[in-house]
Amino acid sequence: INAEYGGAAFVIETSAHAGPYVLGFRVDPAEKLQDVFKEVSSLWRLYSQQPILGVEFLLEDVPENIEDITVKRVQDGADMIENIATDAFAAYYADEGQKNSDRKPTYDAGIGLAVEKLREGTTLESLWSI
């Protein structure tokens, strides 16, 4: 309870670790100020015994050793081929002779929209996987 700012007010100050906030509340009628203080103090003591820190969870069977749950990596013998990253979007717009011209729109039932006609060898999926 603080009387510095033009009358008695209920003031809550948070710790610096939580972000230093100062919240002030005027309580009308002023006789209720002590009741509000007692109620909030009681709630704070109750909450601080078992705080709710966001998500509630329950730890189940936790293995004592990480090696007990680690799965060994097995290579199936197939040859690995590295995918070379291509920029399909840039390649689409680098179409020679078509830089400033629009293609006619066509309906694409897969997405339910009209889209600019794609050039030869380009799929809508390849444009989305940039």
Side-chain angles (χ1 to χ4, degrees):
I1 299 177
N2 193 336
E4 287 183 24
Y5 301 103
F10 181 69
V11 177
I12 299 174
E13 294 183 44
T14 63
S15 71
H17 297 293
Y21 290 104
V22 177
L23 305 170
F25 302 93
R26 186 180 79 183
V27 178
D28 286 328
E31 295 79 37
K32 290 283 190 184
L33 188 58
Q34 281 297 331
D35 293 337
V36 171
F37 175 75
K38 287 178 185 176
E39 183 70 25
V40 172
S41 296
S42 173
L43 289 172
W44 180 80
R45 279 192 301 277
L46 182 66
Y47 172 78
S48 62
Q49 290 174 359
Q50 285 186 312
I52 301 168
L53 301 174
V55 178
E56 293 184 30
F57 65 94
L58 176 66
L59 290 178
E60 295 177 359
D61 301 324
V62 179
E64 292 184 24
N65 196 344
I66 188 103
E67 284 79 22
D68 294 342
I69 61 169
T70 303
V71 177
K72 302 288 184 210
R73 184 182 290 187
V74 178
Q75 189 169 355
D76 62 1
D79 292 333
M80 305 288 269
I81 299 174
E82 283 189 39
N83 289 334
I84 299 172
T86 59
D87 191 349
F89 189 72
Y92 182 76
Y93 279 102
D95 191 7
E96 287 187 43
Q98 302 292 324
K99 291 184 186 197
N100 292 323
S101 65
D102 291 334
R103 295 177 185 87
K104 288 190 172 195
T106 58
Y107 178 74
D108 187 323
I111 60 171
L113 295 172
V115 296
E116 185 177 271
K117 184 176 180 183
L118 302 176
R119 68 180 190 149
E120 286 291 322
T122 305
T123 64
L124 197 57
E125 290 79 21
S126 69
L127 292 176
W128 280 103
S129 63
I130 294 175

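Connection of Trp44 to Ile12 is not established within any shared hydrophobic cluster, with ILVMFWY side chains joined at heavy-atom distances below 4.5 Å, either directly or through further cluster members. If you chain together hydrophobic residues whose side chains sit under 4.5 Å apart, Leu43 and Leu23 never meet in one group.
For the atom pair Lys38 NZ and Lys32 NZ, the distance stands at 11.5 Å (nearest 0.5 Å). Here Gln49 contributes atom CD and Arg45 contributes atom CZ; the two are 9.0 Å apart, rounded to the nearest 0.5 Å. Between the OG atom in Ser42 and the CD atom in Glu39 there is a gap of 6.0 Å [rounded to 0.5 Å].
Between Val27 and Phe37, every side-chain heavy-atom pair lies at or beyond the 4.5 Å cut-off.
Between Glu13 and Val22 the shortest heavy-atom distance is CG-CG2, 3.9 Å. Looking at every heavy atom in both residues, Thr14 comes nearest to Tyr21 through OG1-N, 2.7 Å.
Listed by chain and number, the residues in a salt bridge (Lys or Arg N to Asp or Glu O under 4.0 Å) with Asp28 are Arg26 (sequence neighbours excluded).
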